[in-house]
Asker: 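Take a look at the following structure, please.
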Amino acid sequence: EAGVVQSPRYKIIEKKQPVAFWCNPISGHNTLYWYLQNLGQGPELLIRYENEEAVDDSQLPKDRFSAERLKGVDSTLKIQPAELGDSAVYLCASSLGQGGTGELFFGEGSRLTVL
Amino acid sequence: AQSVTQLGSHVSVSEGALVLLRCNYSSSVPPYLFWYVQYPNQGLQLLLKYTSAATLVKGINGFEAEFKKSETSFHLTKPSAHMSDAAEYFCAVTSSRRQLIFGTGTLLAVQP
């Protein structure tokens, strides 16, 4: 069974440019998460989807970040425009349930460097 | 609010020695607690979880953790370290909004 797939693995852009990350969750997982992981820190939730509905986006900086999960499967996270402080790893995860007691399955992450 | 604190950002042990990674939690409700492992350039993988059943939880790769309510702790242990255990380990607790709150991580180095 395929795991959570993310692309691109690495992205280098100049500040003020846009960037997008794509995530394909495990088949059948209805809950999808985007996490931000800064160097030396634990992951922090940006947004959580249950099917196609964003049920928790309170920590998503909506002035520059946006996300979508069309048809409740794949998801895209976009940053426009990117700032130097956005350099980090963006992790996607999925789970069968709502995540509170279940296991989250993580992708390998997309490492963003903003110059 | 729920939170976890991991004591020691870096831990170094010799191969074959005991591994002890510390995690203390804060929660106003009975917590669900987790340990995840992250190998270099990989995503996080669940090691084990506590969900109010047995207080001693066994996970993959010989790791286990004990939930101690009186000490608000959920420390991760392994009797004998392998070189392959070198990775970063994250403790996490479920918040009241059913999201995982991660600690800052402990980087485990295993010396030959």
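In what follows, every chain begins at residue 1, and chains take the letters A, B, ... in the order their sequences are listed.
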Asker: Can you find a heavy atom in the side chain of A/L104 that is under 4.5 Å from one in the side chain of B/L100?
Answerer: yes

Asker: I'd like to know if B/F67 and B/F63 are part of one continuous hydrophobic network [Ile/Leu/Val/Met/Phe/Trp/Tyr, side-chain heavy atoms within less than 4.5 Å].
Answerer: yes

Asker: Using non-hydrogen atoms and a 4.5 Å limit, figure out which bit of B/Q45 sits close to chain A: side chain, backbone, both or neither.
Answerer: neither

Asker: Check the pair B/L44 / A/Y35 against side chain to side chain contact (heavy atoms under 4.5 Å, CB included), numbers first and verdict last.
Answerer: CA-CA 11 Å; B/L44 281 75; A/Y35 281 86; over 6 Å; no

Asker: Check for me, please, whether B/I60 and B/Y50 land in the same ILVMFWY cluster - side-chain distances under 4.5 Å, paths through other members count.
Answerer: yes

Asker: For A/Q37, is it the side chain, the backbone, both or neither that has a heavy atom under 4.5 Å from a heavy atom of chain B?
Answerer: side chain

Asker: When only heavy atoms count and the cut-off is under 4.5 Å, which of residues 39-47 of chain A reach chain B?
Answerer: A/G40, A/Q41, A/G42, A/P43, A/L45

Asker: Is it possible for you to say whether B/V57 and B/V37 belong to one hydrophobic cluster, with membership spreading through side-chain heavy-atom contacts below 4.5 Å?
Answerer: yes

Asker: For residues B/V93 and B/F74: do they belong to one hydrophobic cluster (side chain heavy atoms under 4.5 Å, members Ile, Leu, Val, Met, Phe, Trp, Tyr)?
Answerer: yes

Asker: Counting a contact as any heavy-atom pair under 4.5 Å apart, which residues of residues 8-25 of chain A contact chain B?
Answerer: A/R9, A/Y10

Asker: Of the non-hydrogen atoms in B/Q99 and A/Q59, which two are nearest, and what is the gap between them?
Answerer: OE1-NE2, 3.2 Å

Asker: Heavy-atom pairs under 4.5 Å with chain A are the metric here; pick the option from B/A92, B/G43, B/C91 that has the most.
Answerer: B/G43

Asker: Spell out, yes or no, whether B/V19 and B/F90 are grouped together once hydrophobic residues are joined by side-chain heavy atoms under 4.5 Å, including indirect joins.
Answerer: no

Asker: Assess, by modelled atom type and distance only, whether the side chains of A/E108 and B/N41 contain a donor and an acceptor separated by less than 3.5 Å.
Answerer: no

